[in-house]
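Note on naming: letters A, B, ... go to the chains in the order of the sequence lines (proteins, then strands), and numbering restarts at 1 for each one.
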Amino acid sequence: MSNDTIDTDNGPVRDFVRDQIHEDLANGAVDSVVTRFPPEPNGYLHIGHAKSICLNFGIASEFGGHCNLRFDDTNPAKEDQEFIDAIQADVKWLDVGWDGEVRYASENFEQLYDWAEHLIGKGKAYVDDLSAGEMRDYRGTLTEPGKNSPYRDRKVDENLDLFRRMRAGEFEDGERVLRAKIDMAAGNINLRDPVLYRIVSAPHPRTGDAWCIYPTYDFAHGQTDAIEGITHSLCTLEFEDHRPLYDWLIENLPVPAQPRQYEFSRLNMTHTILSKRLLTQLVEEGHVSGWDDPRMPTVSGLRRRGVPASAVRDFIGRLAISKSEGTVEAAMMEHCIRDPLNDRALRRMAVLRPLKMVIENYPDGQVEELEVTNNPRDETAGTRMVPFCREIWVERDDFMEDAPKKFFRLSPGREVRLRSAYFVTCTDVIKNGAGEVTELRCTYDPETRGGASPDGRKVKGTLHWVSAAHAIDAEVRLYSPLFQDENPDAAEDFLSTFNPDSLEVLTDCKLEPMLADVTDGQVVQFERLGYFCTDPDGTADMPVFNRTVGLRDSFAKAMARG
RNA sequence: UGGGGCGUAGCCAAGUGGUAAGGCAACGGGUUUUGAUCCCGUGAUUCGCAGGUUCGAUCCCUGCCGCCCCAGCCA
């Protein structure tokens, strides 16, 4: 399974699902564990799906069992091959032990059809001619029982004939459905004669035009679980009400196994949405560049942003599985992203908002190669040589003309350290006609080469820099939360809280030469700024970097606090 | 006024009769050539509320309150 297992000082992961499995194994209810991850291919996977994936594949691995990736492809009107492909790529990337085998609910259409006839034969299912609207009226309400359909007592032979003609394509979409005959007065509305089959004349990505009737989720899911030998069918809380129907079908059909369904709460996160419908809307209306826009909470978006798969797994592992609904703070995931990157990412220097610095007492035309540590957390990462000369770029934010005492950076008369280079003191500030600072004039102390002071004097600030003569031009994209509200779902219109500054494009960035060697998929730390990776939009002439996540910034936090 | 769930610190949560784990966040302090990292320290007289049982209840009982889901021929 995954390279980093989720294991804390408290021992192995424990939750009510795993407790149930231990119990089932102990009392012989099951002798092996088989789970499944059953996405409907009607959208891309998001971090909420990752929770289910980590749970299902994680359990399979922990208990020496197996987990199937199964597409719940029972509604061709909404499903598409694009999603089938994308979902597989995402599951593979998550690296949770998927063996590459793919299952489809549609593989079982013939068996499911036979079972439908079986139910009809037992007098437990009937063909209903009621229209969708009429059926709604007959269903009753949350507080009032429903009424039996006038077609409820059709004879077995008539039902069989009608059902076969449904399959043969003799009727229009919506004209007839097959319903289970359970109880129109049930408090649980799912038991009020639920629809088992409906007519859908749309080509299916897998079965083409072989069928014009399709089983509903309820009729397909549990039976497919049984066919695949699933022992523990894990789903989210909204299916709790469906469990009695799940069990009813398993009991009334000659299925080869008796799978059991367990429900856990779905993941919610602050400042984003995890609803497939709303995410689809963001994509289709062009509020984001696509499903893999780095701001999206999709697996492909996280991947493009540079988030390591191990960080996603670690994040999910810290969540714990429960039945209580809650919203996890985005900060929790940010921590999980920084954690592995802090250990592994190579340090580099990049200036995002450049300000020219001229070191007046540094020899014109001289270039020095200075040795810089690649990762202070990892000695084996070694060092690199970085060119330094008279004119360099520094960060605009690192200069302030009238700086408060607590500002440990550049300001007229103040001395700071240029990382692994020299101490410099700001001597003059050059401005343009508009009064904007365009250049800093400084002097350096040759004795401080490498950044250490032989006389022991201290400086509070250490700045990153890039040699102007050697800099690589680049575009850098900064991302912040997609939504300003903590819970956009609660807003009357979720788009009203869409963050207009969620994407900030910086086109005049200056990178140290080594940054030309960053490979796709590699994440590096831009010192003092955050973690960054290359974006496929980049070209040889103009590389593009995405900010995966910023570094913690207690100074900015203190400033904001006042 | 039907059915199904859930309520433990700002957030995620463990604990299920013996006197409240852990993580994230926050806030102090130390180290530091990243205001990063790292290290140390600080939180619930209390477990939605009110009664009851008990020597003892977050855990058992009763009643209330709050929140979520269900009336697709979606999943």
Side-chain angles (χ1 to χ4, degrees), chain A residues 8-10 14-15 38-40 42 72 74-75 77-78 128 130-132 135-137 139-146 173-179 185-192 194-200 213-214 216-218 220-221 235-244 263 265 267 270 276-277 315 318-320 322-336 338 342-343 347 349 372-373 376-377 406-409 417-421 423 448 450-453 459-464 486 525-530 550-559:
Chain A
T8 66
D9 292 341
N10 298 318
R14 297 303 305 257
D15 53 60
E40 181 189 15
N42 66 344
D72 226 331
T74 58
N75 185 6
K78 293 188 172 182
D128 197 344
L130 251 28
S131 69
M135 205 181 288
R136 191 187 321 122
D137 293 337
R139 187 152 34 227
T141 69
L142 295 179
T143 53
E144 301 157 21
D173 286 22
E175 213 176 316
R176 286 186 164 81
V177 295
L178 181 73
R179 291 229 255 173
N188 182 342
I189 292 178
N190 291 117
L191 263 19
R192 319 242 262 230
V195 171
L196 268 21
Y197 264 90
R198 74 290 211 196
I199 301 169
V200 181
I213 58 172
Y214 292 91
T216 54
Y217 163 85
D218 287 310
H221 205 97
C235 61
T236 42
L237 253 28
E238 66 270 28
F239 292 101
E240 228 157 6
D241 288 344
H242 292 246
R243 188 169 2 111
E263 312 84 12
S265 61
L267 172 64
T270 57
K276 231 195 266 186
R277 197 190 103 244
F315 170 63
R318 296 188 195 212
L319 257 27
S322 75
K323 286 176 88 84
S324 60
E325 301 183 76
T327 304
V328 176
E329 291 174 338
M332 174 88 113
M333 187 159 84
E334 289 204 345
H335 169 84
C336 294
R338 292 188 189 104
N342 178 44
D343 285 336
R347 272 57 170 175
M349 291 194 285
V372 184
T373 302
R377 299 269 302 165
K406 291 285 194 181
F407 187 76
F408 307 141
R409 308 178 189 180
R417 169 168 39 234
L418 293 177
R419 182 76 204 255
S420 301
F423 282 15
T448 57
S453 56
V459 289
K460 295 287 280 187
T462 299
L463 275 40
H464 58 281
E486 272 209 349
Q525 184 192 102
F526 287 1
E527 288 217 42
R528 303 208 301 134
L529 297 174
L551 256 29
R552 288 188 62 183
D553 190 348
S554 61
F555 175 66
K557 212 173 289 173
M559 291 296 273

Atom pair CZ/CE of A/R318 and A/M333 - distance to nearest 0.5 Å: 12.5 Å

Answer yes or no: is there an ion pair linking A/K323 with A/E240, defined by an N-O contact shorter than 4.0 Å? yes

Under 4.0 Å, counting only non-hydrogen atoms across every strand here, what does A/G174 touch: a base, just sugar-phosphate, or nothing? base

My understanding is that only one of A/T216, A/I213, A/D128, A/L196 makes a side chain to side chain contact (heavy atoms under 4.5 Å, CB included) with A/L178; could you say which? A/L196

Any A/S554 side-chain nitrogen or oxygen under 4.0 Å from OP1 or OP2 of B/A36: yes

Minimum-distance nucleotide (side-chain atoms of A/L319 versus B/A71, B/C12, B/A75): B/C12

On a whole-Å scale, what distance lies between the C1' atoms belonging to B/A9 and B/U58? 14 Å

Nearest to side-chain heavy atoms of A/K78, which nucleotide of B/U1, B/C74, B/U34: B/C74

Does the side chain of A/R139 get closer than 4.0 angstrom to OP1 or OP2 of B/G72 through an N or O atom? yes

Using a heavy-atom cut-off of under 4.0 Å over every strand shown, decide if A/F407 touches base, sugar-phosphate, or nothing. base

In whole Å, I'd like the distance from the CD atom of A/E40 to the P atom of B/G72. 18 Å

State which of B/C73, B/U37, B/A26 makes the closest approach to the side chain of A/K557. B/A26

Given B/G35, B/G23, B/A71, identify the nucleotide with an atom nearest to the side chain of A/M332. B/G23

Could you tell me whether A/R419 contacts a base, only the sugar-phosphate backbone, or nothing, with contacts defined as non-hydrogen atoms closer than 4.0 Å? base

Considering only the P atoms, how many Å lie between B/C61 and B/G7, rounded to the nearest integer? 15 Å

Using a cut-off of less than 4.0 Å, is there contact between a side-chain N or O of A/R417 and OP1 or OP2 of B/G35? no

When the distance from CD of A/E325 to P of B/C70 is rounded to whole Å, what number comes out? 10 Å

Tell me what A/K276 touches on the nucleic acid: a base, only sugar-phosphate, or nothing, going by heavy atoms under 4.0 Å. nothing

For residues A/K406 and A/M559, determine if any side-chain heavy atom of one lies less than 4.5 Å from a side-chain heavy atom of the other. no

To the nearest Å, give me how far apart CZ (A/R192) and P (B/C73) are. 13 Å

Atom-to-atom span, CG of A/N188 to P of B/C70 - whole angstrom: 12 Å

Any N/O donor-acceptor pair, A/D241 side-chain to B/G3 base, under 3.5 Å: yes

Pairwise P distance for B/C65 and B/G18, with rounding to whole Å: 31 Å

Is the count of non-hydrogen atoms from other residues, nucleotides or ligands lying under 6.0 Å from A/R14 atom CZ greater than 12? yes

Please state whether the phosphate of B/C24, meaning OP1 or OP2, lies under 4.0 angstrom from any side-chain nitrogen or oxygen of A/H335. yes

Just checking A/T74: base, sugar-phosphate only, or nothing, at a heavy-atom cut-off of under 4.0 Å? sugar-phosphate

Using Watson-Crick or G-U wobble geometry with both distances below 3.5 Å, tell me the partner of B/G41, or none. B/C27

Suppose we define a pair by two distances each less than 3.5 Å, Watson-Crick or G-U wobble; what does B/G7 pair with here? B/C65

Under 3.5 Å, is there any donor-acceptor pair linking the side chain of A/R377 to the base of B/U37? no

Once rounded to the nearest 0.5 Å, what's the spacing between atom NE2 of A/H242 and atom CG of A/N190? 4.0 Å

Ranking B/C68, B/A25, B/G7 by distance to the side chain of A/A331, first place goes to B/A25

Closest of B/C70, B/A36, B/C12 to the A/I189 side chain is B/C70

Report which part of the nucleic acid A/R243 touches: base, sugar-phosphate, or nothing (heavy-atom distance under 4.0 Å, all strands). nothing

Give one of base, sugar-phosphate or nothing for A/E240, where a contact means two heavy atoms less than 4.0 Å apart. sugar-phosphate

Per-pair stack call A/F555 and B/G35, 5.5 Å, 30°: yes

Any idea if B/G4 is syn or anti, going by the 90°-from-0 cut? anti

Are side-chain N/O atoms of A/R417 and A/T462 paired as donor and acceptor at under 3.5 Å? yes

Can you check the A/E334 CD to B/C24 P distance for me, whole Å? 14 Å

Is A/P376 touching bases, backbone alone, or none of the nucleic acid, heavy atoms closer than 4.0 Å? base

Using the P atom as the reference point in each nucleotide, state the distance between B/C39 and B/A25 in Å, no decimals. 13 Å

Classify the side chain of A/R409 versus the base of B/G35 as yes if they form a donor-acceptor pair under 3.5 Å and no if they do not. yes

On the side chain of A/E144, is there an atom forming a donor-acceptor pair with the base of B/U1 - under 3.5 Å, no angle test? no

Does A/T270 reach a base, just sugar-phosphate, or nothing at all? Heavy atoms under 4.0 Å. nothing

In whole angstroms, how far is the P atom of B/A75 from the CD atom of A/E263? 18 Å

Expressed in whole Å, how much space separates the P atoms belonging to B/A71 and B/C11? 30 Å

Distance check, C1' atoms only: B/G28 and B/G66, in whole angstrom units. 36 Å

Considering only the C1' atoms, how many Å lie between B/U54 and B/C38, rounded to the nearest integer? 49 Å

From B/A25, B/U33, B/A75, pick the nucleotide closest to the side chain of A/N75? B/A75

With a non-hydrogen cut-off below 4.0 angstrom, is A/S322 in contact with a base, only sugar-phosphate, or nothing? sugar-phosphate

Rounding to an integer number of angstrom, what distance separates B/A57 and B/U16 when you compare their C1' atoms? 10 Å

Side chain of A/V328: nearest nucleotide among B/G35, B/C12, B/A13? B/C12

